[in-house]
Amino acid sequence: MQSRQTYLLNMHAAMLDALGPSHWWPGETPFEIVLGAILTQNTNWENVRRALNALRAQNLLSAPALAALDTEELAALIRPAGYYRVKAGRIKNFLRFFEHEAGFDFTVLQALPTPEIRERLLGVNGIGPETADSIALYALDKPTFVVDTYTARIFGRHGQIPEEISYADLQAYFTEALPEDTALFNEFHAQIVRVGKHWCKKKQPQCHRCPLEPFLPL
DNA sequence: CTCCAGTACG
DNA sequence: CGTACGGGAG
């Protein structure tokens, strides 16, 4: 019998061994990470990349530039990401918040206590728990553990959590067991997404040759 | 014809 | 708690 912490850290080590470091959202600016976090809501990352590239081509990957763009033009540019009218509005909501609360300056947000950052982000219409946590972790470098459908599916199939679980309970499963470490949280979530995308598929899981196959219950 | 790093609203 | 939002790819 081992502790949940040991179980999780062994998984983490196994994924690092099999996949190598993820280098997640490394060379991108915090603002581009925020855009990606909103655009990827229930959406394939390839389509998000197309939308980001369309913005990049127009030199629109900065907050002031996007704030000056009207919502309809923004929607047209991010169309490949799907839900484009909804997401254009959500990005605009964030920009309004970002300008008024922080003067388009991420260090202002970064200076706040992590729980308050989360609360403020959740106050923006269109930013829910996963998006808020993704921004806190990957754009602001705060020790926030991000969970998602991949997380629920992988750990559900491994018999660690109930099939139906709330975001808060799923997140607590990790934060109650792991040390509060930004680099660990960053890499762990990245690994979960990679495993979910390539092996722990919704319809046809590829358990054989999955890095987490040894961790399946008997 | 299903599926995808969710969220808000009735 | 059910539904709308959506284009792109397997």
Side-chain angles (χ1 to χ4, degrees), chain A residues 12 15 19 22-26 28 30-55 57 71-97 118-142 144-157 161-171 173-175 182 185-206 212:
Chain A
H12 181 252
M15 290 190 284
L19 307 175
S22 301
H23 303 300
W24 246 37
W25 276 331
E28 302 168 9
F31 183 65
E32 186 173 346
I33 293 169
V34 169
L35 293 179
I38 294 173
L39 291 173
T40 199
Q41 290 170 354
N42 200 36
T43 298
N44 187 296
W45 180 259
E46 271 310 295
N47 294 342
V48 174
R49 207 173 46 75
R50 294 168 185 273
L52 288 174
N53 285 340
L55 294 175
T71 311
E72 291 71 26
E73 292 187 47
L74 175 57
L77 286 168
I78 65 172
R79 184 168 181 168
Y83 304 147
Y84 51 93
R85 293 183 191 89
V86 171
K87 286 173 180 175
R90 289 175 179 176
I91 289 169
K92 282 294 187 176
N93 291 344
F94 172 80
L95 286 166
R96 221 149 27 232
F97 157 82
R118 189 176 201 273
E119 286 315 303
R120 301 261 195 125
L121 288 172
L122 288 175
V124 178
N125 189 296
I127 296 185
E130 184 184 338
T131 307
D133 288 341
S134 295
I135 291 171
L137 177 62
Y138 290 105
L140 302 176
D141 208 35
K142 297 295 180 181
T144 306
F145 200 94
V146 179
V147 297
D148 57 7
T149 52
Y150 286 146
T151 315
R153 193 156 74 217
I154 291 168
F155 287 84
R157 285 174 174 171
I161 54 166
E163 293 296 327
E164 298 299 321
I165 186 171
S166 70
Y167 186 94
D169 287 348
L170 181 56
Q171 185 178 48
Y173 169 80
F174 293 92
T175 56
T182 301
F185 288 0
N186 182 317
E187 180 64 23
F188 209 139
H189 176 66
Q191 292 171 331
I192 286 170
V193 172
R194 293 171 76 189
V195 166
K197 185 177 292 193
H198 294 291
W199 293 279
C200 206
K201 301 167 182 293
K202 177 143 191 180
K203 278 303 180 61
Q204 292 196 309
Q206 313 284 313
L212 296 184

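Heavy-atom basis, side chains included; hydrogens, waters and symmetry copies ignored. Here is the naming used below: chain letters follow the sequence lines, and residue numbers restart at 1 for every chain.
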Does A/Thr43 get its side chain close enough to the base of C/dG6, under 3.5 Å, for a donor-acceptor pair?
-> yes
Could you tell me whether A/Arg85 contacts a base, only the sugar-phosphate backbone, or nothing, with contacts defined as non-hydrogen atoms closer than 4.0 Å?
-> sugar-phosphate
Think A/Lys203 has a side-chain N or O under 4.0 angstrom from the OP1 or OP2 of B/dT2?
-> no
Return the set of residues passing side chain to side chain contact (heavy atoms under 4.5 Å, CB included) with A/Pro162 (not counting sequence neighbours), or none when no residue passes.
-> A/Ile165
Every protein N/O lying under 3.5 Å from an N/O of nucleotides 1-3 of chain C:
none

Within the structure shown, what part of the strands sits under 4.0 Å from A/Ala37 by heavy-atom distance: base, sugar-phosphate, or nothing?
-> nothing
What's the closest nucleotide to the A/Lys202 side chain, out of B/dC4, B/dA8, B/dG6?
-> B/dC4
Answer with base, sugar-phosphate or nothing: what part of the nucleic acid does A/Thr149 contact at a heavy-atom distance below 4.0 Å?
-> sugar-phosphate
List for me each residue that meets side chain to side chain contact (heavy atoms under 4.5 Å, CB included) alongside A/Tyr173, sequence neighbours excluded, and say none if there are none.
-> A/Arg4, A/Tyr7, A/Leu8, A/Phe155, A/Gln160, A/Ile161
Euclidean distance, atom NZ of residue A/Lys201 to atom C1' of B/dC3 [Å, nearest integer] | 11 Å
When the ring planes of A/Tyr138 and A/His189 are compared, do they come out parallel, tilted or perpendicular, using 30° and 60° as the limits?
-> tilted
How would you label the contact of A/Asn47 with the nucleic acid (heavy atoms, under 4.0 Å): base, sugar-phosphate, or nothing?
-> base
Does A/Thr40 make a side-chain N or O approach to OP1 or OP2 of B/dC4 shorter than 4.0 Å?
-> no
Minimum side-chain heavy-atom gap A/Leu55-A/Leu74 below 4.5 Å = yes
Sub-4.0 Å heavy-atom contacts from residues 126-135 of chain A onto DNA chain B, ordered by number = A/Gly126, A/Ile127, A/Gly128, A/Pro129, A/Glu130, A/Thr131
Got a sec, which residues hit side chain to side chain contact (heavy atoms under 4.5 Å, CB included) with A/Arg194, two or more places apart in sequence or on another chain?
-> A/Leu19, A/Ser22
Write down the distance between OH (A/Tyr83) and P (C/dC5), rounded to a whole number of angstrom.
-> 10 Å
Answer with base, sugar-phosphate or nothing: what part of the nucleic acid does A/Arg153 contact at a heavy-atom distance below 4.0 Å?
-> sugar-phosphate
Of B/dA8, C/dC5, C/dG8, the nucleotide closest to the side chain of A/Pro80 is C/dG8
Taking only the side-chain nitrogens and oxygens of A/Tyr84, find out if one of them lies under 4.0 Å from OP1 or OP2 of C/dG7.
-> yes
For A/Glu46, the side chain to side chain donor-acceptor pair (under 3.5 Å) test, sequence neighbours excluded, returns A/Arg49
Measure the distance from CZ on A/Arg79 to P on C/dG7 and round it to the nearest whole Å.
-> 5 Å
Residue set satisfying side chain to side chain contact (heavy atoms under 4.5 Å, CB included) with A/Arg90, at least two apart, ordered chain then number -> A/Ile38, A/Gln41, A/Val86
Among B/dC4, C/dC5, B/dA8, which nucleotide sits nearest the side chain of A/Val86?
-> C/dC5
Would you call A/Lys142 and A/Thr182 a side-chain contact if the rule is heavy atoms closer than 4.5 Å?
-> no
What nucleic acid atoms does A/Val193 come within less than 4.0 Å of, heavy atoms only: base, sugar-phosphate, or nothing?
-> base
Residues that A/Tyr83 engages under ring-ring contact (aromatic ring centres under 6.0 Å, His included), provided they are two or more places apart = none
Verify the contact: side-chain N or O of A/Asn42 to OP1 or OP2 of B/dG6, cut-off strictly under 4.0 Å; return yes or no.
-> yes
Can you tell me how far C1' of B/dG6 sits from CZ of A/Arg90, to the nearest Å?
-> 7 Å
Partner residues of A/His198 under the ring-ring contact (aromatic ring centres under 6.0 Å, His included) criterion, sequence neighbours left out = none
